[in-house]
Amino acid sequence: MVQNRKKLIDLFIGNISNSIVHKILEKATDNKDLADKYNKELLNSLNIAKRYRNKINPVNAHFPNKDTEYIRNRIANKIKAELLLRISKGYKNIDLSLVEELVDAALKDTNVI
């Protein structure tokens, strides 16, 4: 068990949230140059999140259920808060209904669930 587990989980949550936010923003824009920048940030954050994930638990092992729910809720809340902030700044076409689906997909991709 890692001594700084809580800190690593927080860093994982931050990076996976950033990745999902940029995935939603990429889908919301029609500007190809902007979409490419969102995609680059999405991939960068996802790779960093995977590295943190590998430091938290053994790679082939799933997280305990209580950790999974805690992580899922924190990620979803963080994403919704960021997207609502972006909407208040004038961003258009942001679909908040994608959040839960993308969170579950990202957690399966990183072998959390």
Test: Lys40 and Asp36 ion pair at under 4.0 Å: no

Nearest-0.5 Å distance, CG of residue Asn93 to CD1 of residue Ile87: 10.0 Å

Side-chain heavy-atom pair Lys27, Asp95 within 4.5 angstrom cut-off: no

Close side-chain approach of Arg51 to Ile48, heavy-atom, < 4.5 Å: yes

Beyond-backbone contact of Asn111 with Asn57, side-chain heavy atoms, under 4.5 angstrom: no

Test item: Asp67 and Arg5 side chains (from C-beta on) under 4.5 Å apart, heavy atoms: yes

Atom pair CD (Glu26) and NZ (Lys32), whose distance is rounded to the nearest 0.5 Å: 9.5 Å

Point-to-point distance, once rounded to the nearest 0.5 Å, from OG of Ser17 to CD1 of Ile75: 5.0 Å

Shared hydrophobic cluster, Leu42 / Leu25 (ILVMFWY, side-chain heavy atoms < 4.5 Å): no

With Arg53, the side-chain contact (heavy atoms from CB on, under 4.5 Å) member among Asn15, Leu107, Thr110: Thr110

Hphob cluster co-occupancy, Val99 + Ile113, side-chain heavy atoms under 4.5 angstrom: yes

Contacts of Lys108 that satisfy salt bridge (charged side-chain N to carboxylate O under 4.0 Å, His left out) - sequence neighbours left out: none

From CG (Leu98) to CD1 (Ile79), nearest 0.5 Å: 10.5 Å

Hphob cluster co-occupancy, Ile9 + Tyr52, side-chain heavy atoms under 4.5 angstrom: yes

Exercise: identify the closest heavy-atom pair between Ile20 and Val103: CD1-CA, 3.8 Å

Salt-bridge criterion met for Arg72 and Glu69 (N-O under 4.0 Å): yes

Minimal non-hydrogen separation, Asp33 against Asn31, with atom names: N-OD1, 3.0 Å

Pair Arg86 + Glu82: basic N to acidic O under 4.0 Å: yes

Student check: side-chain heavy atoms of Leu8 and Phe12 closer than 4.5 Å: no

Side-chain donor or acceptor of Asn18 paired with backbone N/O of Gly14 under 3.5 Å: no

Heavy-atom side-chain proximity of Phe63 to Ile56 below 4.5 angstrom: yes

Check: Asn47 side chain, Leu43 main-chain N or O, donor-acceptor pair, under 3.5 Å: yes

Side-chain (Asn39) to main-chain (Ala35) donor-acceptor, under 3.5 angstrom: no

Minimum side-chain heavy-atom gap Ile94-Ile24 below 4.5 Å: yes

Separation between CD1 of Ile13 and CG of Asn73, rounded to the nearest 0.5 Å: 9.5 Å

Side-chain heavy atoms of Ser88 within contact of Leu85, under 4.5 Å: yes

